[in-house]
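First listed ligand is number 1; within each ligand, the first listed atom is number 1.
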Amino acid sequence: MKINPCKNNVGAIIDTDLKNFTKETIGLIKDSVNEYGVIFLKNQKLAPRDYINFAKQFGQLADYPMLKGLENFPEITVVEKKPGEKIMFGEGWHTDSTYTKKPPMLTMLYSVKTPPKGKGNTRFASQYLSYENLDEEYKNKIKDLKAEFSADGPISKTRNNRTAEKGTGIDPKSLKAEHNIVRLNKINGKKSLYLSPGHVTKIIGVNLKESSEILDYLFKHQIKSEFIYSFEWEPNCMAIWNNHAVLHNPVNDFDEHRVMYRITIQ
Ligand SMILES: [Fe+2]
């Protein structure tokens with residue numbers, strides 16, 4: 001199995017066939033996701049059943065509270081932008097479902113239909129690097145802080161086209177959670193920043209002025225260009241990322257139909 005780190009050491013491209021995985025491949029993929037934050041695999045021909053079977057090797061599959069899944073395969077959420085639509089689902093920097101009490105650790109995204117190569121990329125920002133590059137004083141200041149994450153945060157409007165079609169009827173205002181903004185990956189000892197402009201509404205336990213100062217600073221810091229890798233999709237690619245280690249942001253620069261199948265894992 002070949003592992004080639006991407007630009008800025010954010011993400012790695014792995015060469016293996018996911019349909020015929022072995023225990024060893026799964027172990028190496030888990031290690032690589034922890035190390036690089038995100039990994040990419042190209043030329044994977046996976047039917048929904050194969051995809052679910054592969055995903056189950058990583059843990060319990062999570063429900064996505066806001067949308068119903070793919071017909072006959074409720075574990076798969078269809079992430080789609082249709083021709084003529086202006087808004088793209090999930091546009092803006094975020095990590096997935098952080099407004100739940102126990103957000104999914106891993107996300108898998110498999111490309112079914114993509115715009116021409118170089119359009120509709122997904123950008124990933126390493127939050128290992130963003131934490132590492134804070135100065136010591138700032139690290140100290142934020143080490144015990146928690147933030148409030150809401151499903152009704154700024155990114156929620158990008159969901160409206162899809163919830164109109166296959167929403168579950170859950171009111172996004174009812175989904176809120178508090179999490180530490182610095183996380184420790186117990187497997188490799190790396191710390192990461194865990195917050196995003198998409199879902200975070202405030203820092204807990206400080207006044208509003210201080211909360212917005214901290215958020216303004218960190219939101220800008222965590223997406224500096226030296227922490228980012230932009231993945232170019234083509235059909236049959238798989239990305240697997242650790243939601244504690246990277247933020248992601250799909251680029252809305254195309255009009256073609258884009259269809260991705262997503263599975264999240266606890
Ligand atoms: Fe997302």
Side-chain angles (χ1 to χ4, degrees), residues 10-11 33 37-40 51 55 58 61-70 75-82 85 87-100 102-115 120-127 130 147 149-163 165-168 170 172 175-177 179 183 192-201 219 222-223 227-233 237-254 258-266:
V10 180
V33 173
V38 53
I39 60 149
F40 310 99
Y51 183 13
F58 292 79
L61 307 192
D63 279 339
Y64 180 54
M66 308 307 299
L67 291 179
K68 292 175 196 148
L70 182 65
E75 300 92 336
I76 296 176
T77 301
V78 183
V79 174
E80 184 175 21
K81 185 182 177 224
K82 295 183 175 169
E85 287 180 352
I87 293 169
M88 177 153 161
F89 179 88
E91 194 184 334
W93 288 103
H94 68 284
T95 63
D96 291 329
S97 305
T98 46
Y99 42 78
T100 56
K102 194 169 177 278
M105 169 83 104
L106 295 178
T107 297
M108 296 186 177
L109 196 61
Y110 178 72
S111 51
V112 178
K113 211 169 194 178
T114 57
N121 287 11
T122 303
R123 292 185 291 164
F124 292 88
S126 168
Q127 297 309 299
S130 92
F149 296 72
S150 169
D152 197 35
I155 204 169
S156 62
K157 62 179 187 309
T158 72
R159 216 188 278 131
N160 293 348
N161 284 327
R162 296 289 80 82
T163 45
E165 285 173 356
K166 39 191 168 189
T168 52
I170 289 178
L175 289 174
K176 268 186 197 167
H179 303 293
R183 294 200 84 114
S192 60
L193 267 184
Y194 189 67
L195 76 166
S196 76
H199 292 132
V200 167
T201 48
F219 288 165
Q222 64 183 165
I223 52 164
F227 312 149
I228 292 177
Y229 175 68
S230 181
F231 180 68
E232 295 189 345
W233 292 97
C237 290
M238 176 77 85
I240 306 174
W241 65 87
N242 179 328
N243 278 305
H244 298 172
V246 290
L247 293 181
H248 59 280
N249 184 359
V251 182
N252 186 3
D253 59 354
F254 62 94
R258 183 181 188 261
V259 181
M260 318 287 265
Y261 286 176
R262 184 178 84 170
I263 294 181
T264 51
I265 295 150
Q266 281 301 342

Taking Tyr51 for the side chain and Tyr261 for the main chain, is one N or O donor matched with an acceptor at less than 3.5 Å? yes
Counterpart residues, side chain to side chain donor-acceptor pair (under 3.5 Å), relative to Asn252 (two or more places apart): Lys81, Glu91
For Thr264, check side chain to side chain donor-acceptor pair (under 3.5 Å) against everything at least two apart and list the hits. none
Identify the heavy atoms of Arg262 and Leu109 that sit nearest to each other, and give their distance. CB-CD1, 3.7 Å
Which one of Trp241, Tyr229, Trp233 satisfies the side chain to side chain donor-acceptor pair (under 3.5 Å) criterion with Thr122? Trp233
May I ask you to list the protein N, O or S atoms found at less than 2.8 Å from the Fe ion (ligand 1)? His94 NE2, Asp96 OD1, His248 NE2
Residues forming a salt bridge (Lys or Arg N to Asp or Glu O under 4.0 Å) with Glu85, sequence neighbours excluded: Arg162
